[in-house]
Amino acid sequence: MEEIPSEQTTLSDNNILNYISPYFQVSETKYGGNGCFSYNTIPKGEIILISKIPVGSTVSRDFKKEVCNLCFKYDDGRNLKHKLGLPKYNQYLYFCSETCVNTFNEIDPEKLLTKSLLDLDNYYNQGLKKPEVEYSSKPLTESNIENKWQETEIWDNDILKIKSTKWSKFIPRINESEYSEIKYIISILFQMFQSENAEANTEFMKDLNIRESLNFEVKLFDFLQNSETEKYLKFPELLESYVNIFKFVRLTSPIQFQKFINTSTIRSIIGKNLTNAFGIWSITGDSEVDHNINENREFFGFGVFPSASFFNHSCDPNIKKIRKGNELHFQTKREIEPHEELCIDYGNYLDESVEIRRKQLKEWFFDCGCKRCEVELKSG
Ligand SMILES: [Zn+2]
Ligand SMILES: [Zn+2]
């Protein structure tokens with residue numbers, strides 16, 4: 001593939017999207033939003049993209065000791081042997097191997113991420129002494145949502161007037177799902193901090209080292225779709241929960257992250273995770289291809305790989321996704337024609353009827369408009 005990204009970019013003033021892969025261009029689809037379109041014919045079995053590492057990820061507390069913090073390896077529920085700690089902390093991060101520990105250290109040379117994640121565990125435990133909070137699940141309107149966040153900004157301005165050494169008494173209790181969400185937010189804030197002064201990228205992702213890949217993913221993160229409001233309308237209790245998360249993050253984050261923290265950044269980080277996150281499941285046997293509906297598989301958490309977020313869904317996909325440790329590989333399932341849209345499937349409901357598929361896909365807040373649905377709806 002010698003194809004050079006075309007100069008004519010269909011997106012804003014930026015051609016960064018042309019450096020995701022030499023095989024495809026990200027441009028607008030006929031049905032709205034962006035999609036990935038092949039430049040040329042691509043043979044069957046070709047790897048067209050490797051997203052090397054999530055820009056943000058989380059594993060639930062239940063699997064803290066059993067799932068590798070870097071590559072998500074799982075050893076059938078056994079506690080992993082390789083630990084990373086810091087003096088004066090009785091908490092650890094767990095890894096499957098020394099290689100993963102070393103790579104993690106390479107990504108986090110100043111131990112800022114390590115410290116933030118260990119602090120999260122300590123604050124979580126301290127919070128357990130405080131009373132549990134229940135959130136209202138009364139249906140919301142868009143103005144309820146904006147009012148709640150305006151109130152939160154007033155709270156935030158008041159907090160910023162107080163010395164940060166006095167903040168600890170305001171730290172709220174968080175529940176387990178907030179813990180998971182905060183872990184993801186911390187990883188994004190850390191990458192924002194690390195990539196702050198990174199230069200613009202002029203090479204394809206496949207030629208970048210791990211730090212450069214992360215810098216590139218941080219830039220791509222800006223392009224992701226935010227479905228925050230849709231989430232609140234469907235799950236109203238999330239509004240108070242996200243406000244709680246915001247307060248926790250403000251009050252517990254290190255000084256290096258503070259300048260990135262404001263209501264709009266945190267709302268956008270959370271709002272982008274649902275439609276863009278890839279679920280992280282245990283890998284069973286020789287099957288590395290994700291099949292979400294399988295009783296033998298455990299759900300650990302999720303990772304956001306912005307470079308992999310531009311593929312749309314089809315119920316007859318021409319691309320398959322394969323997870324190899326912390327990497328996502330995308331491979332053609334058949335020969336691709338020039339200018340064909342490259343699609344994956346989001347939920348692996350492909351064996352279901354068109355009605356069930358469409359209902360399941362609503363979880364991602366869209367109506368599937370793929371050719372297969374069109375044909376099956378007509379004939380149904
Ligand atoms: Zn590992
Ligand atoms: Zn469909």
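Start at 1 and go down the list; that is how both ligands and their atoms are numbered. Since the structure is predicted, the reported quantities are computational estimates derived from the model, not experimental observations.
- Distances under 2.8 Å from the Zn ion (ligand 1) pick out the protein N/O/S atoms Cys68 SG, Cys71 SG, Cys96 SG, Cys100 SG.
- Among protein atoms, those of element N, O or S found less than 2.8 Å away from the Zn ion (ligand 2) are Cys315 SG, Cys368 SG, Cys370 SG, Cys373 SG.
- Aromatic ring centres of Tyr39 and Tyr23 lie farther apart than the 6.0 Å criterion allows.
- Proximity of Lys169 to Leu251: side-chain heavy atoms (C-beta onward) are nowhere separated by under 4.5 Å.
- Taking the centre and axis of the six-membered ring of Phe170, the NZ or CZ atom of Lys247 falls outside the cone set by 45° and 6.0 Å.
- Partners of Arg211 under the salt bridge (charged side-chain N to carboxylate O under 4.0 Å, His left out) rule, at least two apart in sequence or in another chain, do not exist in this structure.
- Phe24 pairs in a ring pair (Phe, Tyr, Trp, His ring centres under 6.0 Å) with only one of the listed residues (Phe204, Phe311, Tyr19), which is Phe311.
- Counting only distance, with no hydrogens or angles, the side chain of Thr103 and the backbone of Thr99 share a donor-acceptor pair below 3.5 Å.
- Two rings, from Tyr74 and Phe300, have their centers less than 6.0 Å apart.
- Annotation for Glu98: atom CD counts as buried by contact number, over 12 foreign heavy atoms lying within 6.0 Å.
- Contacts of Phe95 classified as ring pair (Phe, Tyr, Trp, His ring centres under 6.0 Å), with partners at least two apart in sequence or in another chain: Phe104.
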